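Input: a single structure, listed below in structure tokens.
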Amino acid sequence: MNFDFSEEQNMLVQSLERSLAKSYDFEAFREQLASKITHVPETWNMLAELGVMAMPLPESAGGFDGNHVDIMAVCTELGRKLITEPYVSSVVLAAYIFEATGGAPADEHLPKIAMGEQKYAVGFYEPGDRHNTLASATTATQTADTWKLSGHKAVVLGADTADFLIISAGGDSVFLLPANAEGVSLNQYQLLDGRGAADVVLNGAEAVLLGTAGGSAAIIEEAADRAAAALTADTLGAFDEIIEMTKEYLRTRTQFGRPIGSFQVLSHRMVDLLVDVEQAKSIAMEAAVEARNKDVTIRMKAVSAAKAKIGAISRKFGQESVQMHGGIGVTDEYALGAYVKRLLVNEMLFGDADYHLTRYANL
Amino acid sequence: MNFDFSEEQNMLVQSLERSLAKSYDFEAFREQLASKITHVPETWNMLAELGVMAMPLPESAGGFDGNHVDIMAVCTELGRKLITEPYVSSVVLAAYIFEATGGAPADEHLPKIAMGEQKYAVGFYEPGDRHNTLASATTATQTADTWKLSGHKAVVLGADTADFLIISAGGDSVFLLPANAEGVSLNQYQLLDGRGAADVVLNGAEAVLLGTAGGSAAIIEEAADRAAAALTADTLGAFDEIIEMTKEYLRTRTQFGRPIGSFQVLSHRMVDLLVDVEQAKSIAMEAAVEARNKDVTIRMKAVSAAKAKIGAISRKFGQESVQMHGGIGVTDEYALGAYVKRLLVNEMLFGDADYHLTRYANL
Amino acid sequence: MDLSLTTEQSAFRDEVRTFLTDALPEDIKLISKTQGHMGEEHYRRWHSILAEKGWATPLWPIEHGGKGWGPANYAIFDEECHMAGAPRVLPFGVSMLAPVLIAVGSDAQKERFLPGIQSGKDWWSQGFSEPGAGSDLASLKSTAVRDGDHYIVNGQKTWTTLGQFGDWIFCLVRTDPKSEKPQTGISFILIDMKSPGVEVRPIIMMDGCHEVNEVWFTDVKVPAENLVGKENHGWSYAKMLLQHERIGIAGVGLSKEQLASLKRMAATEKKNGKPLIEDPVFKTKIAEIEIELRALDITNKRMLVETERGMDPGPVSSMLKIRGSEVAQKLFELKMDASGLYSLPFQPHIGEPGNNEEPVGTIHNTRSAPTYLNTRKISIYGGSNEIQRSIVSKMVLGF
Amino acid sequence: MDLSLTTEQSAFRDEVRTFLTDALPEDIKLISKTQGHMGEEHYRRWHSILAEKGWATPLWPIEHGGKGWGPANYAIFDEECHMAGAPRVLPFGVSMLAPVLIAVGSDAQKERFLPGIQSGKDWWSQGFSEPGAGSDLASLKSTAVRDGDHYIVNGQKTWTTLGQFGDWIFCLVRTDPKSEKPQTGISFILIDMKSPGVEVRPIIMMDGCHEVNEVWFTDVKVPAENLVGKENHGWSYAKMLLQHERIGIAGVGLSKEQLASLKRMAATEKKNGKPLIEDPVFKTKIAEIEIELRALDITNKRMLVETERGMDPGPVSSMLKIRGSEVAQKLFELKMDASGLYSLPFQPHIGEPGNNEEPVGTIHNTRSAPTYLNTRKISIYGGSNEIQRSIVSKMVLGF
């Protein structure tokens, strides 16, 4: 049993921390948000240069053959610093789909992901079908030499700034197309926490089949699980920051002549959050370790356990940390709210707590 | 809008209080329990003399044409004093079934209920079929001039000391037979809180049909609802006692040189219990007012709301009051435990919180 | 025991319903029903419609132009307004300041200020909280120093709800800095927000909206006749005022409307191809909160009847605030859950005047998360739920 | 990062499993598996089986006859024992008193007492709590007055678990009533329970069982050589001792066994004609607690690894106690819920030696409510969860 990051992972985390500390502070983040910028090329390039994009990819694609614990290490830092770059969309979702479906598209695009040269977004979910990963209303029609896609993909993370889209059709096939292809219309927006997304409406858009037609349901599910695991790690970073902020506030804010942390109802609730953070770390570790397990049941159980539990803890964290702060906790200028919103987005994407709890209960 | 007992009801409560205070104290209760006595004839007769058995019955049966708020008033006092007499079995369940099915059996037995001359127990539930009021594995076979019952009724409240049993068969017919009839075997026991019950095994026991064959499903459901409403009132009495005991303990028990009630985590939890008690009272009132409503949906909604909510509050009450007391709260010699057990029994009989919540959600 | 309305109450409810059907403008109703933010104009327009009917200030004594309703009638009115989608009548002038003026204001003050409150011409703001004095109001630092006919006011107030539209503000200020207890030496004073030296700065909430403000006072000259009651007695007037927040504090009307809206959403949204409202787990969650609300509704009415009967309200309003805020917050949370992915797109200004954005999902989905975030305030403002528990505990346990 | 057992740990777990399969008597196993109460004979028999294998005291240093296991191995052992249905080894002698004796006892004391603890010949009880000194142990009142070669002990201890079987009891007693702080002036002393003046009185719990006791001391003569360490230094030994409760405090093994048993019950019980375990709402409740336990298992192991590495255990044991007790209590509660009506018949002495009662439902059903009631103690004893939260808060927040 070993619950630590490896030496390489620790070094990676440290250099990430250093680089992000330089480029990011909360005021800069607020300005970025106000300007509706979801992707900052300098940050993206910095991530590429640090190697965190190449890291989890296969050696053949210029990667370092990393694992999902590497992803955990990276995503925790991204969450901690509220980074809005579409890292998970490209490096977790798209990269895995290329790897799993193989062939010429993989040879072409994986190296571009590794270098951060192109950005990718992956759309599975559809309006009215909530958290169903295998939503199937989007259709793909084969013509003489190509496929045409029609349908509507909901809240596609990173699709607002992606160069390429990977879209599922019929719930069991995946297709690749440029984001600016004819027949694609994007309704782009910021999410609550400043990350970017778009609704993608396809109207006979031409696309390339990845893998085999009707053969990718398992790949879609694994991709979503890997992304879900990555987001639980992202949330760990946010938890850490919320804990620090709240502890500090409890120690320093005074009321009735004493620090509010000396009021037992607050300090004891803080303790419950601390216990929850330990539980969240544990279950996120398991999800990271098992996210690539070949045994599908082991993978699904670990990921659903983590996504459901951390989702529930996130809700409690948001509510409790705001309540302990009082008024200032609900304002935009104080960083707490930004983290609470980050938690909400992580909670809802790739299956909310209810979805994963039900899945777990049925496994 | 009027949320008070009537003057008659208040007088009734006062005379009940006086009479019960005379005959009952906690030490006497413990002795009774230790002797495995579930029914004390003097207490039973006293209840009969006070008129609380006649009260809810029709005038034609020597009753006072009372309503279910009368029952609420009585049952609250019974719960408050931990009375183990089979009042609900006779006066709520059996009396209603006689009234609803009518005819000669009603003419014969209702006056006996009113006078407390005979005790009755009513069995609907069956092993393995949990809280299903319309459990139907028990069979009734018609012979030339009578019916023969076979089957097993689970945890029949009051059946350990009843003179007569009313038993449902097929989920939609009800039958009357003496408790000592041939073919009836009773496995008698105390429940957790000292009230008596029995499992009733029927082996071709001869019985009289009440009402029509196959025509009593609605009557069975209404009987169970009336009993459920009565038990929520019983719980209110127990809540009051628990509140008083716990407040007193928080005020007087000292630790670290101060009354433990001055520790904010305890006092604030106490406040939540106080709020819950108000909520419980409100919803129990609604159940009492609507328990006899001719509109079945209104009745079911009100009863299920009360039974589900008060069940959930009961669980919390038991846990919180014990925790606030610490060690002494889990001992037998301190009255708190007796009330906590009373809550549990009330919670589980005639549908637990889960059963009623599901029923409510489906109405 | 009889839980139904009396004949008079039923008739009254019908009258209110008819009035609302006729008088509530459709555009305003739509904002409510879609969880939008009311603008200044909406508030003012609805206030004058009510004022015309005499229902803007129905709890006021008849001699001051009120209707003298009891709390039970007011509760019926309040609930019907919520269910119909009417904006709330802002409490600052009508139900906070006015009762104080009526009780301790000078005749000149009553004459000067009550008509503007009633008609809605004067928009009043509340200036109690300060950055270091929220739950602990007694530690406020703003000062008013007497200088001839005037007070000179300096300091900062915060959390001033809708203060950006304010004409006037009533404030607690320290007039005797040397008093022994922090509660003494505080005065209650009325300030024209157009006075030189008053500055209103927006506080943006985490849902992106501008609802509260900081109000800064720099050497603001306030005529001495704007002092309410006696100098240094402001604390007791403030306490009197806060008690008037009690009616409607349980938010039963608000929560009933949210429950109805939650059910509508859950009937539209799908889970596993079936309406979400048929999912056994979600259905159970709705049932739980519906039952809690059902109980709260009765508890609230019981307490109103007790109050009308003259019972000391005691800790009742705190208890109603605690449970009422919990119920409302749970409902907003379930609405967000029901919205699924479409709760995530951030469109804070959608539906505001001049904003023609289309919602990404439905307007209900899009507003569900910001509304959830915004309404975390319900358990914080007006004395946090922790403060409320301490109040009850003090009264009931003595600690 | 690797969450699986090491090769050595796997091999060790297999060794433990094989041993338990071979050595655990069926009758004892049955009591565990049906939530029964172990009798004196069961505890003693199992202790001597373990002692023979050398596993009654595996955490003791090797020179004192222990195995010197680290906490991770002990956790594996503990979990396997629970899952197999072995009784717990009572901690009073083995893991509470012994570490204190080894650390500060005299050589004579070690020689005299350790062998009897190890073999199980001497049944030790703990005499810390008093009626007025539970969570607030420092306010204890029992006294020991030096009189020549002896101390004369007077006072009352309470909550003495299984004290009715005790041969010896280790006690905290006040030896200097005039000391300044309540924590000073306390000594740690060993008392033969067969001494004249010792009286054990049963406390019956609300599940009807006799598990704890009061122990009264009236002029009990205790040889001075039974003082452990220095006079008036008992408080520090007691603190040392309580720290040794840490390992296994999360109760992961217990909870895993309860979860397995809950699932077995829910597969047998029916709701609406289908197995309860297929009911969407109940299934979700099981999933929730299973996931919490899954996380707790990993958290517990993480903490053990940190501890073996020499990390200051800090507030860790308190955190494990809080969440561990919550998980266990929830599981007992769900077992009661699963039992339905058959949780209600009260048969407290069923299955005890000499009692031939048949359970009204199944034995699992019948014991579910008494076990639920009995295990409310888990969040009370050994420092209530409130005390644990205060400990963590003090360390982390400074308050």
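First the proteins, then the strands, lettered A, B, ... as listed; each starts at 1. Since the structure is predicted, the reported quantities are computational estimates derived from the model, not experimental observations.
- For B/Asp354, no part sits under 4.5 Å from any heavy atom of chain C, backbone or side chain.
- Here the NE2-OG distance, from B/His268 to C/Ser393, works out to 6.0 Å after rounding to the nearest 0.5 Å.
- Only the backbone of C/Ser4 has a heavy atom closer than 4.5 Å to any heavy atom of chain B.
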Using side-chain contact (heavy atoms from CB on, under 4.5 Å), reason through B/Lys301 and C/Arg294 one step at a time and then give a plain yes or no. CA-CA 11 Å; B/Lys301 278 211 153 191; C/Arg294 211 177 158 113; 4.0 Å; yes

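- Using a 4.5 Å cut-off on side-chain heavy atoms (C-beta onward), B/Met1 and C/Leu5 make contact.
- For the pair B/Phe3 and C/Lys301, the minimum side-chain heavy-atom distance is below 4.5 Å.
- Remark: the backbone N or O of C/Thr299 is not paired with any side-chain donor or acceptor of B/Gln279 at under 3.5 angstrom.
- Considering only heavy-atom pairs separated by less than 4.5 Å from chain B, the leading option among C/Met1, C/Met303, C/Met319 is C/Met1.
- Minimum interatomic distance between B/Arg251 and C/Val396 (heavy atoms only, all atoms of both residues): NH2-O, 3.5 Å.
- Using non-hydrogen atoms only and a strict 4.5 Å limit, the part of residues 274-289 of chain C facing chain B consists of C/Lys283, C/Thr284, C/Ala287, C/Glu288.
- Neither the backbone nor the side chain of B/Glu248 comes within contact range of chain C; no heavy atom of the residue lies under 4.5 Å from a heavy atom of that chain.
- Looking at C/Arg302 and B/Glu278, their side chains come closer than 4.5 Å, going by heavy atoms from C-beta outward.
- For the pair B/Pro259 and C/Phe399, the tightest heavy-atom approach, listed with the atom from each and the gap, is CB-CZ, 3.4 Å.
- The parts of B/Val275 that come within reach of chain C are both its backbone and its side chain, each placing non-hydrogen atoms under 4.5 angstrom from that chain.
- For C/Val305, the part sitting under 4.5 Å from any heavy atom of chain B is the side chain, from C-beta outward, and nothing else.
- Contact count against chain C (heavy-atom pairs under 4.5 Å) is highest for B/Val271 among B/Val271, B/Asp276, B/Asn67, B/Leu363.
- Here B/Asp272 contributes atom CG and C/Asn385 contributes atom CG; the two are 9.0 Å apart, rounded to the nearest 0.5 Å.
- B/Glu286 is not listed as a side-chain neighbour of C/Asp297, based on a closest heavy-atom distance of 4.5 Å or more.
- Here the side chains of C/Arg389 and B/Ser267 are not in contact, with every heavy-atom distance at 4.5 Å or above.
- In this structure the side chain of C/Glu290 reaches within 4.5 angstrom of the side chain of B/Tyr360, judged on heavy atoms.
- Annotation: side chain of C/Ile291 is in contact with side chain of B/Leu357 (closest heavy-atom distance under 4.5 Å).
- Pairing each heavy atom of C/Leu397 with each of B/Gly261, the nearest pair is CD1-O, 4.4 Å.
- Annotation: residues 322-334 of chain C contacts chain B through C/Ile322, C/Arg323 [non-hydrogen atoms, separation under 4.5 Å].
- Of the inter-residue distances, the one linking C/Ile298 atom CD1 with B/Lys281 atom NZ reads 14.0 Å to the nearest 0.5 angstrom.
- Once rounded to the nearest 0.5 Å, the distance linking CG of B/Asp4 with CG of C/Asp2 reads 11.5 Å.
- Residue contact with chain C, scored on non-hydrogen atoms closer than 4.5 Å, is absent for B/Ala284.
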